[in-house]
Amino acid sequence: MSGELPLECAHLARELAGLRATTGLSLAGLAARTTASKSSWQRYLGGTQIPPPELVTELCALAGEPPARLLALRELAELSRRHPQPRPEPSAPPTPPAPAEPSQETGPATGEEPPAAGTPDAGRPHAPPAEPAPVPFFRRRKVALAGAGALATAAMVAGALLLGGAGEEPEDSGLWPGCVGERCRGKDSQSQGCGLKGSGMRTVAEREFGRQTVIELRYSPSCRASWVRVRFGAIGDRIEITGPDEESQSAEVADKFDAQNYLPTPMLAGGPEGMTACLVRAGSGERHCFGR
């Protein structure tokens, strides 16, 4: 058995490595921001293992990439592992048949009658018959790849229908969330599908502080959960969401990667009514809070 990776697994590994490069994170950085360890990421990016779909979604969220295409590629890789296609073995060329003994009446055996005497071709050497074209060795592989391509197309179209949205994001999108209501408490909105386009998620309130720091209060009707997100915060800034019962969740801008991207808090169960979003500035400790 060859140690080469299936084509679909190699393709998935290259795409995952490209997303990781987009994030600018090291393996340790990926491990700190996702639910997989550093050694697991080494196996996933090397193609020796296929990551679970939740982890693919987490990586896409870090890279700002819609997950539909990568999830479709992951399904193809999983299919190729479960149903591997045998690699064709080169076959020996066919052995030509032994030539028949020539006779005085027919001349060398060619499978055809010699031209009759007196015709224009009489006396000229007769061309041997053309050999039959060999049967293509890769026919089965092409059929298998055609089936995989059809599956990829179907999966990508389905993903586009699920995750794409026309105009404003609808509430009833058909996207199955990873949690609903109380089950979302303390969980990440992106990995649970609550913050994805097509989930009905919307920003219900937004404030700008300084020249570029923006705080957003967000809500997903399909998950029935709320959270706060900061964009272009300063290292050391902290964001908080507090519910009507004083329960809260928070997140801190830890490094330049957090500062250059979106950073959300974990979720609280419930709608945005009565929720409070806060920015606590690094150094000064100044609090800036607002609600819906």
Legend entry - Sub-4.5 Å side-chain heavy-atom contact between Tyr44 and Pro52: yes
Inset, instruction - Please check if Phe232 and Val228 belong to a single hydrophobic cluster, counting links between Ile, Leu, Val, Met, Phe, Trp and Tyr side chain heavy atoms closer than 4.5 Å. - result: no
Inset, instruction - May I ask whether Ile239 and Tyr219 are part of the same hydrophobic cluster, defined by side-chain heavy atoms of I, L, V, M, F, W, Y residues being less than 4.5 angstrom apart, directly or through others? - result: yes
Legend entry - Gap between atom CG of Leu268 and atom SG of Cys184 - 0.5 Å precision: 10.5 Å
Inset, instruction - Decide yes or no on disulfide (SG to SG under 2.5 Å) for Cys289 and Cys278, but give the supporting numbers first. - result: CA-CA 4 Å; Cys289 300; Cys278 291; 2.0 Å; yes
Legend entry - Spacing of CE belonging to Met275 relative to CD1 belonging to Ile241, to within rounding of 0.5 Å: 5.0 Å
Legend entry - Sub-4.5 Å side-chain heavy-atom contact between Thr276 and Phe290: no
Legend entry - Pair Arg238 + Glu252: basic N to acidic O under 4.0 Å: no
Inset, instruction - Taking the side chain as every heavy atom from C-beta outward, state whether Leu59 and Trp41 have any pair of such atoms under 4.5 Å apart. - result: yes
Inset, instruction - Taking the side chain as every heavy atom from C-beta outward, state whether Glu65 and Thr22 have any atom pair closer than 4.5 Å. - result: no
Legend entry - Minimum heavy-atom distance Gly291-Ala205, with the two atoms named: O-CB, 3.8 Å
Inset, instruction - State the CG-OG1 distance between Asp188 and Thr34, to the nearest 0.5 angstrom. - result: 10.5 Å
Inset, instruction - Report the distance from atom CD1 of Ile215 to atom CZ of Arg207, rounding to the nearest 0.5 Å. - result: 11.5 Å
Inset, instruction - Evaluate the side-chain contact (heavy atoms from CB on, under 4.5 Å) criterion for residues Arg81 and Ile50: first the C-alpha distance (whole Å), next the side-chain angles of each, then the deciding distance (0.1 Å), finally the verdict. - result: CA-CA 9 Å; Arg81 280 283 173 87; Ile50 298 174; 3.7 Å; yes
Legend entry - Nearest heavy atoms of Leu19 and Cys60, plus distance in Å: CD1-SG, 3.8 Å
Inset, instruction - Assess whether atom CZ of Arg281 is packed by more than 12 heavy atoms of other residues, nucleotides or ligands within 6.0 Å. - result: yes
Inset, instruction - Is it possible for you to say whether Val214 and Val253 belong to one hydrophobic cluster, with membership spreading through side-chain heavy-atom contacts below 4.5 Å? - result: no
Inset, instruction - Say whether, by atom type as modelled, one donor and one acceptor occur between the side chain of Thr213 and the main chain of Gly210 under 3.5 angstrom. - result: no
Inset, instruction - Taking all non-hydrogen atoms of both residues into account, name the closest pair between Gly285 and Val280 and its distance. - result: O-CG1, 3.9 Å
Legend entry - Carboxylate-amine/guanidinium contact Asp255 Arg33, below 4.0 Å: yes
Inset, instruction - Could you tell me the separation between the CD atom of Glu58 and the OG1 atom of Thr35, rounded to the nearest 0.5 Å? - result: 3.5 Å
Inset, instruction - Would you confirm whether Thr23, through its side chain, and Leu25, through its main-chain N or O, come within 3.5 Å as a donor-acceptor pair? - result: yes
Inset, instruction - Report yes or no: do Val204 and Phe209 belong to one cluster of Ile/Leu/Val/Met/Phe/Trp/Tyr joined by side chain heavy-atom distances under 4.5 Å? - result: yes
Legend entry - Salt bridge present between Glu182 and Arg224 (N-O < 4.0 angstrom): no
Inset, instruction - For the residue pair Glu240 and Thr265, establish whether any side-chain heavy-atom pair is separated by less than 4.5 Å. - result: no
Inset, instruction - Quick one: pull up NZ in Lys187 and CD in Gln192 and give me the separation to the nearest 0.5 Å. - result: 5.0 Å
Inset, instruction - Of all the heavy-atom pairs spanning Ser226 and Gly270, show the shortest one and how long it is. - result: OG-O, 2.8 Å
Inset, instruction - Give the intermediate values and the outcome of side-chain contact (heavy atoms from CB on, under 4.5 Å) for residues Gln249 and Met267. - result: CA-CA 7 Å; Gln249 297 285 351; Met267 293 184 285; over 6 Å; no
Legend entry - side chain to side chain contact (heavy atoms under 4.5 Å, CB included), paired with Leu12, selected from Leu76, Leu45, Leu70: Leu70
Inset, instruction - Decide yes or no on side-chain hydrogen bond (donor to acceptor under 3.5 Å, both in side chains) for Arg43 and Thr48, but give the supporting numbers first. - result: CA-CA 5 Å; Arg43 294 190 290 270; Thr48 56; 5.6 Å; no
Inset, instruction - Before accepting this row, confirm whether a basic side-chain N of the pair Arg69/Glu15 lies closer than 4.0 Å to the acidic partner's carboxylate O. - result: yes
Inset, instruction - Go through the steps to decide whether Lys38 and Leu30 satisfy the test side-chain contact (heavy atoms from CB on, under 4.5 Å), and finish with yes or no. - result: CA-CA 7 Å; Lys38 178 180 175 181; Leu30 280 181; over 6 Å; no
Legend entry - Validation row: Pro221, Arg202 side chains within 4.5 angstrom (heavy atoms): yes
Inset, instruction - Go through Cys194 and Cys179 one step at a time and tell me if the disulfide (SG to SG under 2.5 Å) criterion holds. - result: CA-CA 8 Å; Cys194 304; Cys179 64; 4.1 Å; no
Legend entry - Sidechain-backbone polar pair: Asp237 side chain, Ala282 backbone, donor-acceptor under 3.5 Å: yes
Legend entry - Minimum heavy-atom distance between Cys9 and Gly47, given as atom pair plus value: CB-O, 4.4 Å
Inset, instruction - With side-chain contact (heavy atoms from CB on, under 4.5 Å) as the test, would you mind laying out the steps for Val180 and Arg183 before giving the verdict? - result: CA-CA 6 Å; Val180 176; Arg183 293 182 179 272; 5.9 Å; no
Legend entry - Joint hydrophobic cluster, Met201 plus Leu217, side-chain heavy atoms closer than 4.5 Å: no
Legend entry - Minimum side-chain heavy-atom gap Pro53-Leu71 below 4.5 Å: yes
Inset, instruction - Might you point out which heavy atoms bring Ser40 and Ala36 nearest each other, and give the distance in Å? - result: CB-CB, 4.2 Å
Legend entry - pair Trp227-Ser220: side-chain heavy atoms closer than 4.5 Å: yes
